[in-house]
Amino acid sequence: MEITPEITRLKPSATLAMNELVVQKRNEGQKVYHMGFGESPFPVHESVKKALSMHADKKYYAPTQGILTLRKQICDFYKQVYRLEFMPDQVLIAPGSKSLIYNLIVALEGPLLLPSPSWVSYQHQAHLAHKEIMLLITSPDTSYLITPSMLLASLKNASMDQLSQKLLLLNYPCNPTGQSYSENQLKELVPILKQNNIIVISDEIYSLISYNNHVHHSLAEYYPEGTLITGGISKDRSLGGYRFGVLLIPQGNENVKRSILSIASEIWSSASSPIQHAVIEAYKSNKMLGYIQICTRIHEMMTNYVYKRLNEAKISCVPPKGGFYLFPDWNNKKSSLKSMNLHTSYDLAEYLLETYNLASLPGVEFGMAKSDLSLRLSTVDYDGSLVLNKFMENLSTIEKNSSEFISEFAPNLVASCDILEEFTSSLKET
Ligand code: GLU
């Protein structure tokens, strides 16, 4: 059978491929340290579990847009948690926000401005949709954020027509960098977005995993007419395998809604009915916020631990603000790595996997240059149920004893840091 040339070039998504490789190695009895996949490890909240078993008989096709009770519940949640007002007819449900982002890229006119680095699938989704991409190259010096001056300069360099529509994909807190935007940083972008007719797909799937009690602000607060929010329950509610995502469309955009729903109706019909019924529970803020806050504190503790260890090992990395990823680089060790035949982030990730059984993902998968030596590290390789229980038992002392706690209950994370330290200290200074 022959495959179209375009799809021949497409590989399985790097995140999922790495996870499947690690699971396979572990099933074969190999010891692997897994920093290669972003799956939150905590157990399913009891009320969601109960609701799912209660609704096992919901075997009918749901409306493509999603069931109304759930969409109402989501509106309540966004009002209480994010201070944003949406009506149920502005809410669209799908099997994962990934599918909704793809639909938006397919449906909306104009080139896609894509920060580099950004999450692995955006660029491939855009290629599948034959969408022109313009990379916005960010720097660790500005925490990998889009700044007004660099956005303006990029638009000018590309001599883009100011009036014609463009799309921008923003993801904050960001996978892979762990960085996010403050209220002011978002506000500063708004005049440029308006003047240049830029519609923003705002992927806020990590929004509630914000560190240091930071209150997440959505761009929709300051640019409601041009912001399409996507979110879901995969990260802060640890329900990735439920495959559930949500899109919030600004008022007055019936054409966008109709287009997204038409594509959805031709491809996936609707999200699974039992899952939609169960997810109503997952959007009850009174039941969920406590659980989400505790899980976030654990993500913060684990990610800050890994950051601290990287720092001590003199590995350059921007301190995290949210999510469960770090994006360190070995660019200051280039010549030393070259002498080991490690020229790209692929080489580096492969070397760590083969030599130390440490799984990570190469920065090039996130749109970094070939010569750049960044890796994305996930900080979730521990038993979520055990850690959550023990964390609750030790709540009063945990801040003081976090290293001991992590050594006892997240040994793979500690071992991963030991490996990175050993590897880096073995490199010659350049
Ligand atoms: N967001 C997760 C990651 O970046 C994986 C989810 C996916 O790729 O579908 O590791």
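Counting starts at 1 for both ligands and their atoms, following the listed order.
Atoms of ligand 1 lying under 4.0 Å from any heavy atom of Thr15, numbered from 1 in the order shown and given with element: 3 (C), 4 (O), 7 (C), 8 (O), 10 (O). When each atom of ligand 1 is checked for a heavy atom of Asn175 under 4.0 Å away, the hits are 1 (N), 3 (C), 4 (O). Which parts of ligand 1 touch Lys98 is read off a 4.0 Å heavy-atom cut-off, strictly below it: atoms 7 (C), 8 (O), 9 (O). Close approach of ligand 1 to Tyr325 (heavy-atom distance below 4.0 Å) involves ligand atoms 1 (N), 2 (C), 3 (C), 4 (O), 10 (O). The Lys235 neighbourhood of ligand 1 comprises atoms 1 (N), 2 (C), with distances under 4.0 Å to a heavy atom of that residue. In the vicinity of Arg376, heavy-atom distances shorter than 4.0 Å reach the ligand 1 atoms 3 (C), 4 (O), 10 (O).
Electrostatic pairing of Asp418 and Arg309 counts as a salt bridge here, judged by a charged N lying under 4.0 Å from a carboxylate O. Asp89 has no carboxylate O lying under 4.0 Å from a charged side-chain N of Arg258, or vice versa, which leaves the two without a salt bridge. Using a cutoff of 4.0 Å between basic side-chain nitrogens and carboxylate oxygens, Arg297 and Glu300 are not scored as salt-bridged.
Between His299 and Phe324, the ring planes are tilted. Angles from 30° to 60° get that label. Aromatic ring pairs are classed by plane angle as parallel below 30°, tilted from 30° to 60° and perpendicular above 60°; the pair His214 and His217 is perpendicular.
Of the candidates Trp330, Tyr346, Phe423, Tyr351 forms a ring-ring contact (aromatic ring centres under 6.0 Å, His included) with just one, namely Phe423.
Ring centroid separation for the pair His216 and Tyr172 comes in under the 6.0 Å cut-off.
For atom 5 (C) of ligand 1, the nearest non-hydrogen atom of the protein is Phe37 CE1, 3.4 Å. Of the protein's non-hydrogen atoms, the one nearest atom 10 (O) of ligand 1 is Gly38 N, 2.8 Å.
At least one heavy atom of Tyr206 sits closer than 4.0 Å to an atom of ligand 1.
Close N/O approach between Ser13 and ligand 1 is not found [any backbone or side-chain N/O within under 3.5 Å].
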